[in-house]
Amino acid sequence: REAPASETPSLAVVPIVNTAGDSLDYLAVGIVRSAMDRLSGTRSLRVITARDVRASGTPARDLAALGRRVGVSAVLSGTLARERDTVWLHVELQRSRDGARLAGGRFAVETPRLVAIESDLLDTVAVALGLARIRRDARKPRDAEATAILMRARHYFDQRNTKSLLRARDLYLEA
């Protein structure tokens with residue numbers, strides 16, 4: 001039985017598939033977490049967490065069916081891939097109703113551009129879903145290097161074992 005799609009635009013964000021290597025797992029998780037935090041702050045958009053999407057029981061290969069099952073109007077997915085010396089983030093936004101591709105993009109992932117990639121991704125989602133705007137940080141621009149370090153720290157923190165917690169602490173101090 002499928003959940004009913006609401007009138008308010010809604011989005012499920014699935015975990016990014018990391019084919020670039022284990023050392024970049026923190027980046028795949030960090031980009032999703034950051035995007036979801038920002039998207040969730042948009043009043044005109046309902047966002048379903050990655051945890052809820054995984055629990056839905058729908059195979060990840062059929063994103064439109066997954067979106068219908070959890071009752072969202074669109075699903076955002078992505079892949080982190082390495083091509084030669086460059087890591088790329090490939091993202092796609094699919095409409096749940098019929099699987100149509102609403103938007104997509106390919107972003108070169110480099111630490112200096114990490115914050116800009118997040119903004120580009122959010123703008124892509126906003127335009128495709130017909131949203132007026134997505135909440136922007138009112139604070140001064142974030143330092144890209146510190147953002148990357150904080151993503152790594154959060155990744156280690158989430159592992160919740162002694163070694164990873166100590167590593168997370170060291171990274172938080174460095175940031």
Side-chain angles (χ1 to χ4, degrees), residues 2-3 9-40 45-129 134 144 147-161 164 167-168 171:
E2 295 177 2
S10 54
L11 179 69
V13 181
V14 299
I16 290 175
V17 176
N18 176 17
T19 65
D22 288 343
S23 64
L24 295 177
D25 281 346
Y26 77 92
L27 193 57
V29 172
I31 290 171
V32 168
R33 178 177 283 134
S34 181
M36 287 187 63
D37 287 348
R38 299 270 300 282
L39 290 166
S40 294
L45 178 67
R46 183 174 60 91
V47 179
I48 304 296
T49 65
R51 180 184 70 244
D52 295 338
V53 170
R54 270 186 260 136
S56 73
T58 304
R61 290 181 301 278
D62 189 353
L63 295 176
L66 187 145
R68 290 188 304 272
R69 182 173 172 110
V70 298
V72 295
S73 52
V75 178
L76 181 66
S77 64
T79 303
L80 205 57
R82 186 181 307 276
E83 295 174 19
R84 295 186 196 100
D85 295 335
T86 305
V87 175
W88 293 92
L89 172 63
H90 302 266
V91 294
E92 186 166 308
L93 185 65
Q94 278 188 14
R95 186 171 41 226
S96 298
R97 182 182 58 221
D98 57 8
R101 183 178 188 268
L102 297 174
R106 181 177 184 210
F107 307 97
V109 179
E110 301 164 337
T111 300
R113 284 205 19 85
L114 202 53
V115 175
I117 289 169
E118 176 186 287
S119 291
D120 292 346
L121 175 61
L122 296 175
D123 289 342
T124 298
V125 170
V127 168
L129 295 179
I134 292 182
T147 298
I149 293 168
L150 289 170
M151 283 183 180
R152 286 181 32 223
R154 184 68 186 256
H155 176 72
Y156 284 113
F157 182 81
D158 288 345
Q159 293 176 21
R160 301 275 204 266
N161 63 55
S164 66
R167 180 70 177 130
L171 288 167

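- For the atom pair CG (Asp158) and CG (Asp25), the distance works out to 12.0 Å, reported to the nearest 0.5 Å.
- Of all non-hydrogen atoms in Gln159 and Ser164, the two that sit nearest each other are CB-OG, 3.4 Å.
- Taking all atoms of both residues into account, the shortest heavy-atom contact from Asp98 to Ala100 is OD1-N, 3.0 Å.
- Listed for the Thr19 side chain is a donor-acceptor partner under 3.5 Å among the backbone atoms of Leu80.
- For Leu171 against Ala153, the heavy-atom pair with the smallest separation is CB-CB, 3.6 Å.
- In this structure the side chain of Ser96 never reaches within 4.5 angstrom of the side chain of Ser73, judged on heavy atoms.
- Tested against Leu93 for a side-chain contact (heavy atoms from CB on, under 4.5 Å), the candidates Thr124, Val75, Leu76 yield a single pass: Leu76.
- The structure places CG of Leu11 at 8.0 Å from CE of Met36, a figure rounded to the nearest 0.5 Å.
- Of all heavy-atom pairs between Ile16 and Ala28, the closest is CD1-O, 3.7 Å.
- Side-chain contact between Leu24 and Arg82: present, with at least one pair of heavy atoms (C-beta onward) separated by less than 4.5 Å.
- Between the CG atom in Asp120 and the CZ atom in Arg106 there is a gap of 14.5 Å [rounded to 0.5 Å].
- Side chains of Val91 and Phe107 form a contact here, defined as non-hydrogen atoms less than 4.5 Å apart.
- With values rounded to the nearest 0.5 angstrom, Asn161 atom CG is found 10.5 Å from Tyr156 atom OH.
- The two residues Arg101 and Gly104 make their nearest non-hydrogen contact at NH2-CA, 3.1 Å.
- Residues Ala64 and Gln94 approach most closely at N-OE1, 3.6 Å, considering heavy atoms.
- Taking CG of Leu89 as the reference point, atom CD1 of Ile31 lies at 5.0 Å (rounded to 0.5 Å).
- The OG1 atom of Thr86 sits 8.5 Å away from atom CZ of Arg84, with the distance rounded to the nearest 0.5 Å.
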